[in-house]
Amino acid sequence: MVENLGLLAALLTTASFIPQVYKVVMTRDTTSISRSMYVVLTCGVACWLAYGVLTRNLPITLANGATLFLAGTVLLYKMRYR
């Protein structure tokens, strides 16, 4: 039960990045996105991913692996299309 709650939380919080990634990829417009916020977020998510791997916590590992990809995509577009 607790593992399922963690998986649901992971799914919902990770999915929240999809509309932003979609918009950035389609429009290449990143003017209203804070680069420093995404740098800090991406570093934090990478730390959570490492924590999930080291503790063998599946919900944390899956969520932060996917979120790192999504947040990293936005950050790369922000840096590329200033």
Side-chain angles (χ1 to χ4, degrees):
M1 181 68 174
V2 173
E3 186 86 359
N4 289 338
L5 180 60
L7 288 168
L8 178 60
L11 176 68
L12 294 173
T13 56
T14 300
S16 71
F17 281 88
I18 293 172
Q20 185 68 66
V21 172
Y22 180 80
K23 183 177 180 182
V24 166
V25 169
M26 295 315 241
T27 66
R28 294 184 175 20
D29 179 16
T30 61
T31 54
S32 64
I33 294 173
S34 169
R35 182 180 58 194
S36 57
M37 180 269 193
Y38 266 88
V39 166
V40 172
L41 175 70
T42 303
C43 289
V45 168
C47 289
W48 273 114
L49 175 59
Y51 174 82
V53 169
L54 293 172
T55 61
R56 299 174 195 219
N57 186 306
L58 184 62
I60 290 175
T61 301
L62 291 177
N64 288 288
T67 302
L68 183 60
F69 172 77
L70 295 169
T73 299
V74 172
L75 182 58
L76 287 174
Y77 271 76
K78 178 66 177 175
M79 295 170 82
R80 185 171 182 190
Y81 299 106
R82 293 185 203 205

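The basis for the numbers below is simple: all heavy atoms, side chains too, and nothing from hydrogens, waters or symmetry mates. In this text the structure is predicted, and so the values were computed from the model without any measurement.
- Between Thr30 and Val74 the shortest side-chain heavy-atom distance does not fall below 4.5 Å.
- The two atoms that bring Tyr38 and Ala71 nearest to each other are CD2-O, 3.7 Å, heavy atoms only.
- For Tyr77, the ring-ring contact (aromatic ring centres under 6.0 Å, His included) criterion is met by Tyr81, not counting sequence neighbours.
- Remark: Ile33 CD1 to Leu75 CG distance equals 10.0 Å, nearest 0.5 Å.
- Remark: side-chain polar atoms of Lys78 are not paired, donor with acceptor, to backbone N or O of Arg35 under 3.5 angstrom.
- Contact check for Leu76 versus Arg80: no side-chain heavy atoms found under the 4.5 Å cut-off.
- In this structure, Asp29 and Thr31 approach most closely via the heavy-atom pair OD1-OG1, 2.8 Å.
- Within the model, atoms OG of Ser36 and CG of Leu41 stand 11.0 Å from one another, a figure rounded to the nearest 0.5 Å.
- Evaluated for a side chain to side chain contact (heavy atoms under 4.5 Å, CB included) with Ile60, the options Asn64, Leu58, Leu62 yield exactly one hit, Asn64.
- For the side-chain contact (heavy atoms from CB on, under 4.5 Å) test, residues two or more places apart in sequence or in another chain that qualify with Ile18 are Ala15, Leu70.
- How far CG of Leu49 is from CG of Asn57: 11.5 Å, rounded to the nearest 0.5 Å.
- Connection of Phe69 to Trp48 is not established within any shared hydrophobic cluster, with ILVMFWY side chains joined at heavy-atom distances below 4.5 Å, either directly or through further cluster members.
- To the nearest 0.5 Å, atom OG1 of residue Thr61 and atom OH of residue Tyr51 are 10.0 Å apart.
- Val45 and Met79 fall within a single hydrophobic cluster, where Ile, Leu, Val, Met, Phe, Trp and Tyr side chains are chained together by heavy-atom contacts under 4.5 Å.
- Taking CE of Met37 as the reference point, atom OG1 of Thr42 lies at 8.5 Å (rounded to 0.5 Å).
- One N or O on the side chain of Arg28 and one on the backbone of Val25 form a donor-acceptor pair closer than 3.5 Å.
- Within the model, atoms OG1 of Thr73 and OH of Tyr22 stand 15.0 Å from one another, a figure rounded to the nearest 0.5 Å.
- Considering all non-hydrogen atoms of both residues, Ala10 and Ala63 come closest at CB-CB, 3.2 Å.
- Follow the hydrophobic side-chain contacts under 4.5 Å out from Val39 and you reach Val21 in the same cluster.
- The backbone N or O of Thr67 sits nowhere less than 3.5 Å from a side-chain atom of Thr14 that would complete a donor-acceptor pair.
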